Amino acid sequence: MIPDRIRHLVEEALRAAVKAGDLPEVPVPDVPVERPKHAQHGDFATPVALSLARPMRRAPRQIAEAIVRHLPPNAVIERADVAGPGFVNFHLSPVWVARQVDNVLAKGAHYADVNLGHGRHAQVEFVSANPTGPLTVGHGRNAVIGDTLANVLEATGWNVTREYYYNDAGRQMRILGESVKLRLLEVLGHPVEFPKEYYQGEYIVDIARAILERYGPEAAEEEWPFFKEIAQEMIFADIKATLERLGIRHDVLTNEASFYEDGSIWRVVEALKAKGYAYEEDGAVWFRATAFGADKDRVLVRSTGEPTYRLPDIAYHVQKLERGFELIVDVLGADHVAEMPDVINAVRALGYEADRIRPIFYQFVTLVRHGQAVKMSTRRANFVTLDEVIDEVGGDAVRFFMVSRSHDAQMEFDLELAKAQSDENPVYYVQYAHARTAGILERMAPERGVIFDPEADVTLLTHPAEKALIGEILRLSEVLSQCSHRLEPHHLTFYARDLARAFHIFYRDCPVLTAETAELTAARMKLVKAAQIALARTLALLGMKAPKQM
RNA sequence: GCCCCCGUAGCUCAGCGGAAGAGCAAGGCCCUCCUAAGGCCUAGGCCGUAGGUUCGAAUCCUACCGGGGGCACCA
């Protein structure tokens, strides 16, 4: 990455300045390198002289000037100057920048990879909806954040496992089975009183009908487990199909029941007790959450002998750590904010490196339709499914919008607005840029004298629009690094727009096929190819299609 | 009552210690020219309020005000 190269040059300059006696010797801090907001401030800048002013007891501008003076000779920076209170602004060498186009072409689709993970194993657990109904819009945000994050981690050198955690036992599943049975009786014409707390969705009736078709009216003799099994199977198939429409597939499915079956939940209880972090009181087993600053202790096992949901969660996270993941990302709805500290504290109490667990909480999606908020509860009938939203706005738009806001900001997904604004959709803006690259490259035709020449001289690319486009193409690795570091995939959508804009401006200002000279055409062909690689990569990371024509 | 998230342009939101931004909406321009699903220009801001920390705060701390969500031997 360019900022890293500049950082190293500045660090060298500081060392050289100290050695030459121009600056006093002090511990060298991290050198921040940032992109200035204004073009006149150069391509990159560092404020390091400002923060060194106090320890060095020198005026910031004086330090900045020493840095500039001792900057080692290099091909990257053409000019560095001191500005304002003591910023050092760097102007990149246009020749060096242009040459990066060849570099992008040589590396191809992986040109922006950054090796932050060094092949370490990371797990992203996401969606994790229990098979009690179709995925909702809220699950959609979860799914898209999780999968995009997984893509980003892969691009930054992590070996990623995508995982789905579910519970197919327990009270909710029994209610599911009984709901289906009641609906089946209803379809058969029996008078039925359908309890309020049962699953109200129309899909329950669909499942009942399907069972009738497959097994006949005799199915009515069966008990709830029979219906639960079939319903679960059908709902899971449905969930997987919905995710598939968004291009999402999990590598591993983990069932909560497995932690009961292999006894690991009881080993967790025993281990916590042995370390003094669990105790029995009023017939229940408690976790000493107060030892970690919580306001009260939490129940792990009820007085009935039945564990709370916390216990298998703890066992699951212990298992994740034992499987060797060095980064464990849980994509969770904001309603889980309160419970995660207990899990992490319990895992820490057991002596594991709990810091490897990094939950990310996304705020709720409010779906608005016809100006009215639609509540998303799986148990009520009036929810809108993720499938319906995909039907309306398309999978690419769902992927883009769901990850286009910071995960800790609430988002409003207005279907009417999304449809009304479809022409102004940023999804098309970005995809159209890609289609335009394809449009130009498809016109390569030796008989018309337009070919892709690997020997073309990219240093001819000196137009401001060309320079800006190359700059955006090269920025992807910085964006990836930021997304990966902070586990914030939304930066990618902003980048996608910036990259597309740079291309659209280039497209208008710099004709490729009808450039002034054949040499310039050849050079621009290379740039178009590089832009296509960048756009395709960005769209792929976002899980979107990169159409060749629109 | 306690905890978490959010208050930045009319709207939707980026930026989260270093030199106030984008998209949409509004007004005006640009196709004999590689797809106008595009580009250009204009206008629009005490960055919720008040203190504090800092050479420097939209960004960190405290309090308050608004909006949302969570606080069970429910999952």
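Note that the structure is a prediction, hence the values are computed from the model and not measured. Labels below follow one simple rule: chain letters A, B, ... track the order of the sequence lines, proteins then strands, and each chain is numbered from 1.
- Considering only heavy atoms from C-beta on, A:Leu520 stays 4.5 Å or farther from A:Val512 through its side chain.
- Between A:Phe400 atom CZ and B:A22 atom C1' there is a gap of 11 Å when expressed in whole angstrom units.
- The two residues A:Ala502 and A:Glu472 make their nearest non-hydrogen contact at CB-CG, 3.7 Å.
- Ring geometry for A:Phe287 against A:Tyr277 counts as tilted: the plane angle lies between 30° and 60°, on a 0 to 90° scale.
- Residue-to-nucleotide proximity on RNA chain B shows that, of A:Asn130 and A:Val512, the 5′-proximal contact is made by A:Val512.
- As rounded to whole Å, 18 Å separates atom P of B:A37 from atom NE2 of A:His434.
- Among the atoms of the strands shown, base atoms are found under 4.0 Å from some heavy atom of A:Ala435.
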Just the atom pairs and distances: protein N or O near nucleotides 17-20 of chain B's N or O, under 3.5 Å.
unit_1	atom_1	unit_2	atom_2	d
B:A19	N6	A:Asn89	OD1	2.5
B:A19	N3	A:His41	NE2	3.3

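- The separation of B:A72 from B:U62, taken at their P atoms, amounts to 25 Å, rounded to a whole angstrom.
- Which of B:C13, B:U35, B:C73 sits closest to the side chain of A:Trp286 comes down to B:C73.
- Picking from B:C34, B:A14, B:G69 the nucleotide with the shortest atom distance to the side chain of A:Ser406 gives B:A14.
- For the pair A:Arg298 and B:A72, the criterion of a side-chain N or O lying under 4.0 Å from OP1 or OP2 is not met.
- Taking only side-chain atoms of A:Lys296, from C-beta outward, the nucleotide of B:U35, B:C73, B:A72 with the closest atom is B:A72.
- Atom CD1 in A:Ile505 sits roughly 12 Å away from atom P in B:A22 (whole-Å rounding).
- Closest to the side chain of A:Pro511, from the set B:C34, B:C73, B:A22, is B:C34.
- Base orientation of B:C4: anti, the glycosidic angle falling outside 90° of 0.
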Between protein and nucleotides 1-6 of chain B, what N or O pairs are separated by less than 3.5 Å?
unit_1	atom_1	unit_2	atom_2	d
B:C5	O2'	A:Asp408	O	2.2

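- Remark: A:Arg141 is not positioned above the aromatic ring of A:Tyr362, lacking an NZ or CZ atom under 6.0 angstrom from the ring centre and at most 45 degrees off the axis.
- Interface remark: the A:Tyr309 side chain does form a donor-acceptor pair with the B:A75 base, using a distance-only criterion of under 3.5 Å.
- For the pair A:Glu339 CD and B:C73 P, the interatomic distance rounds to 14 Å; values are reported in whole Å.
- Look at CG on A:Asn425: it is 16 Å from C1' on B:A25, rounded to the nearest Å.
- Of the side-chain N and O atoms in A:Arg310, none sit less than 4.0 angstrom from OP1 or OP2 of B:C74.
- For B:A75, one of the phosphate oxygens OP1 or OP2 lies less than 4.0 angstrom from a side-chain nitrogen or oxygen of A:Arg302.
- Comparing atom distances between the A:Ala334 side chain and each of B:G69, B:U12, B:A75 picks out B:G69 as nearest.
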For the pair A:Asp453 and A:Lys526, evaluate salt bridge (Lys or Arg N to Asp or Glu O under 4.0 Å) and give the outcome as yes or no after the intermediate values.
-> CA-CA 8 Å; A:Asp453 179 8; A:Lys526 274 189 169 177; over 6 Å; no
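- Distance A:Lys529 NZ to B:C34 P: 22 Å, rounded to the nearest Å.
- Here the side chain of A:Asn167 is nearest to one of B:A75, B:A14, B:C73, namely B:A75.
- Nearest heavy atoms, A:Tyr199 versus A:Ser179: N-OG, 3.2 Å.
- Between A:Tyr432 and A:His504, the distance separating the two ring centers is shorter than 6.0 angstrom.
- To the nearest angstrom, P of B:G69 lies 12 Å from CG of A:Asp335.
- Residue A:Arg436 has a polar side-chain atom (N or O) positioned under 4.0 Å from OP1 or OP2 of B:A36.
- For the segment residues 467-494 of chain A, the set of residues with a heavy atom within less than 4.0 Å of an atom of RNA chain B comprises A:Arg486, A:His490, A:His491, A:Phe494, in numerical order.
- Both A:Cys510 and A:Asp282 lie near RNA chain B, and the one whose nearest nucleotide falls closer to the 5' end is A:Cys510.
- The separation between A:Tyr429 atom OH and B:U35 atom C1' is 15 Å, rounded to whole Å.
- In this structure, A:Lys320 satisfies the cation-pi test against A:Tyr316, with its NZ or CZ atom closer than 6.0 Å to the six-membered ring centre and inside 45 degrees of the ring normal.
- Residue A:Arg443 places its side chain closer to B:C34 than to any other of B:C13, B:C34, B:A75.
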